[in-house]
Number of protein chains: 2
Amino acid sequence: MPRPRVHDDALRDRLLDEATAVVAEGGTRALTVRDVAARAGTSSSAVYSLFGGREALLAAVGARAAERFAGHLGSTRGTGDPAADLLALGVAYRRFALAEPQGYRVMFASPGAGAAHPAGGPVTEEPTFRVLQDAVRAALAEGPAADAYGTRGADAEDATRAATHVWALAHGWVMLELDGLLPWPPDERDARYVAALRAAGPGLLAPPPV
Amino acid sequence: MPRPRVHDDALRDRLLDEATAVVAEGGTRALTVRDVAARAGTSSSAVYSLFGGREALLAAVGARAAERFAGHLGSTRGTGDPAADLLALGVAYRRFALAEPQGYRVMFASPGAGAAHPAGGPVTEEPTFRVLQDAVRAALAEGPAADAYGTRGADAEDATRAATHVWALAHGWVMLELDGLLPWPPDERDARYVAALRAAGPGLLAPPPV
DNA sequence: CTCCTTTCGTAACGCCGTTATGAAACAGCG
DNA sequence: CGCTGTTTCATAACGGCGTTACGAAAGGAG
């Protein structure tokens with residue numbers, strides 16, 4: 001008996017597409033409920049019935065960016081050399097951030113950055129972190145870093161610790177770069193970044209002293 | 001002949017005080033021109049005649065935070081051991097960020113974060129970076145790291161590079177921590193952070209291969 | 001006392017996020 | 001086939017925002 005629904009999943013996708021495009025273009029600041037609704041050919045109330053409000057729409061944009069991010073990181077296939085794979089993963093991490101700076105910012109540097117991440121859920125279970133954690137685990141299991149652990153071997157705790165360390169370095173570098181705070185011209189930064197990862201890697205992967 | 005000025009430097013300071021308090025309390029999102037003006041006992045037009053607008057007011061808040069930040073970092077006095085001093089500087093860096101998270105965010109994670117930093121001015125000449133750069137230079141001149149440079153010694157380029165590496169790690173860690181993305185409970189983070197700095201330090205300070 | 005210049009508080013404009021409201025669209029029933 | 005009831009959505013309204021235009025206020029000059 002009711003009037004047929006127009007606020008369905010298809011419209012939700014279209015709204016999310018438009019919102020993603022707007023954010024990619026002008027950042028979160030440029031996203032308005034009215035504008036996104038108009039671009040999708042509907043009214044602003046659709047955003048409220050399908051998402052809940054502007055903030056929730058932004059969270060959905062962040063979640064979608066996180067999916068693409070995880071996919072991007074997962075697409076780097078292993079070469080058999082764990083250390084090289086980990087380095088490639090770090091490079092892919094930065095490549096995504098530079099290719100989609102606004103998407104990266106929505107995930108991490110948004111007001112209340114936890115929005116894009118499952119509320120209260122441990123970060124270690126997010127796909128993005130898992131990819132990194134797995135690569136670190138592989139590097140700790142064999143290769144040069146494994147020797148430092150000797151017969152005790154590296155456990156999950158070691159992988160979480162090392163992955164977080166590497167993540168902090170990559171995240172910090174990328175944030176500084178996106179904010180224009182690196183003291184080097186753009187054409188030097190690729191090599192500088194790789195050099196930083198190479199320099200910090202062994203120490204960050206090594207077991208804690210005693 | 002004119003009507004006496006009320007929009008003077010004293011009012012500017014009061015506005016900046018109120019704006020800083022509002023941002024410290026509720027983040028940049030909570031800052032409105034009308035509210036800050038009312039708190040300072042004036043009208044919103046004062047913000048426009050003294051700063052230029054909301055964005056410029058936020059930039060001034062960021063600049064003041066940067067001053068406090070630089071002062072905070074500069075207050076860590078040398079102990080004679082360059083490596084220990086550098087570690088203490090890293091600890092002070094994080095302590096400020098945790099004590100004034102919104103101030104830290106206004107400096108770095110604000111929309112158009114360059115606002116708080118001199119437009120176009122090289123980052124290497126900012127007080128905050130200089131303090132870090134000097135500490136790194138000292139660590140490269142004597143102590144364990146100096147040996148790796150051998151007879152060639154470390155120059156300004158080496159100090160800039162190493163300082164940026166350390167900065168990226170500290171910044172990334174702090175941003176992850178402020179965003180609630182570290183996989184450890186708060187009471188473990190102090191030690192984890194120091195461990196990360198210790199682990200990455202030697203590699204980040206070392207000269208580039210070949 | 002009057003005029004003129006400068007200055008600032010007030011009010012207006014357009015836009016925002018959000019919410020209330022009434023028209024629209026269909027199923028079942030007389 | 002028309003009426004009714006129910007659900008759904010577009011429209012309009014509300015309060016608040018950043019910003020700007022405007023007119024009142026204030027004091028020196030004549």
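Just so we're on the same page: letters track the sequence lines, and every chain starts at 1. We use all heavy atoms of the structure for the numbers below, so side chains are in, but hydrogens, waters and symmetry mates are not.
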Does the side chain to side chain contact (heavy atoms under 4.5 Å, CB included) test come out yes or no for A:Leu73 and A:Leu132, once each step is laid out?
CA-CA 8 Å; A:Leu73 294 186; A:Leu132 176 58; 6.0 Å; no
When you compare the side chains of B:Gln102 and B:Thr28, does any donor N or O come within less than 3.5 Å of an acceptor on the partner?
no
Whole-Å gap separating P (C:dG17) and CZ (A:Phe51)
14 Å
Shortest non-hydrogen separation from A:Thr164 to B:Pro183 and the atoms involved:
OG1-CG, 3.5 Å
Segment of DNA chain D, first to last nucleotide, that comes within the 4.0 Å heavy-atom reach of chain B
D:dC17 to D:dG28
Apply salt bridge (Lys or Arg N to Asp or Glu O under 4.0 Å) to B:Asp190 and list each qualifying residue two or more places apart in sequence or on a separate chain.
B:Arg94
Heavy atoms, side chains only, cut-off 4.5 Å: are B:His165 and B:Leu169 in contact?
no
Would you confirm whether the ring centroid of B:Tyr93 sits within less than 6.0 angstrom of the ring centroid of B:Tyr193?
no
Could you tell me how far apart A:Leu57 (CG) and C:dT18 (P) are, to the nearest whole angstrom?
10 Å
At 10 degrees resolution, what angle do the end axes of the helix from C:dC1-D:dG30 to C:dG30-D:dC1 form when each is taken over five base pairs?
50°
Within a reach of under 6.0 Å around CZ of B:Arg68, are more than 12 heavy atoms found that belong to other residues, nucleotides or ligands?
yes
Aromatic plane relationship, B:Tyr104 with B:His171 - under 30° parallel, 30 to 60° tilted, over 60° perpendicular
tilted
Please report the C-alpha distance between B:Tyr48 and B:His7 in whole Å, then the side-chain angles of each, then the deciding distance to 0.1 Å, and finally whether the ring-ring contact (aromatic ring centres under 6.0 Å, His included) criterion is met.
CA-CA 10 Å; B:Tyr48 289 86; B:His7 292 183; over 10 Å; no
Nearest-nucleotide check on DNA chain D, B:Gly52 vs A:Ser49; residue mapping nearer the 5' end is A:Ser49
Non-hydrogen side-chain atoms of A:Ser44 and A:Val36 separated by less than 4.5 Å:
no
Per the salt bridge (charged side-chain N to carboxylate O under 4.0 Å, His left out) rule, what does the pair list look like for residues 165-176 of chain A, sequence neighbours excluded?
none
I want to confirm an ordering. Mapping B:Val6 and B:Arg34 to their closest nucleotides on DNA chain C, which one lands closer to the 5' end?
B:Val6
Protein N or O to nucleotides 20-25 of chain C N or O, pairs below 3.5 Å:
unit_1, atom_1, unit_2, atom_2, d
C:dA24, N3, A:Arg3, NH1, 3.3

Do B:Leu178 and B:Arg105 make a side-chain contact, defined as non-hydrogen atoms from C-beta onward lying under 4.5 Å apart?
yes
Proximity to DNA chain C (any heavy atom under 4.0 Å), residues of residues 35-44 of chain B only:
B:Thr42, B:Ser43
With heavy atoms under 4.0 Å as the rule, sort A:Leu31 into base, sugar-phosphate or nothing.
sugar-phosphate
Within the 4.5 Å heavy-atom criterion, are B:Arg137 and B:Leu140 side-chain neighbours or not?
no
Within this structure, what is the CD-to-P distance between A:Glu55 and C:dT19, rounded to whole angstrom?
13 Å
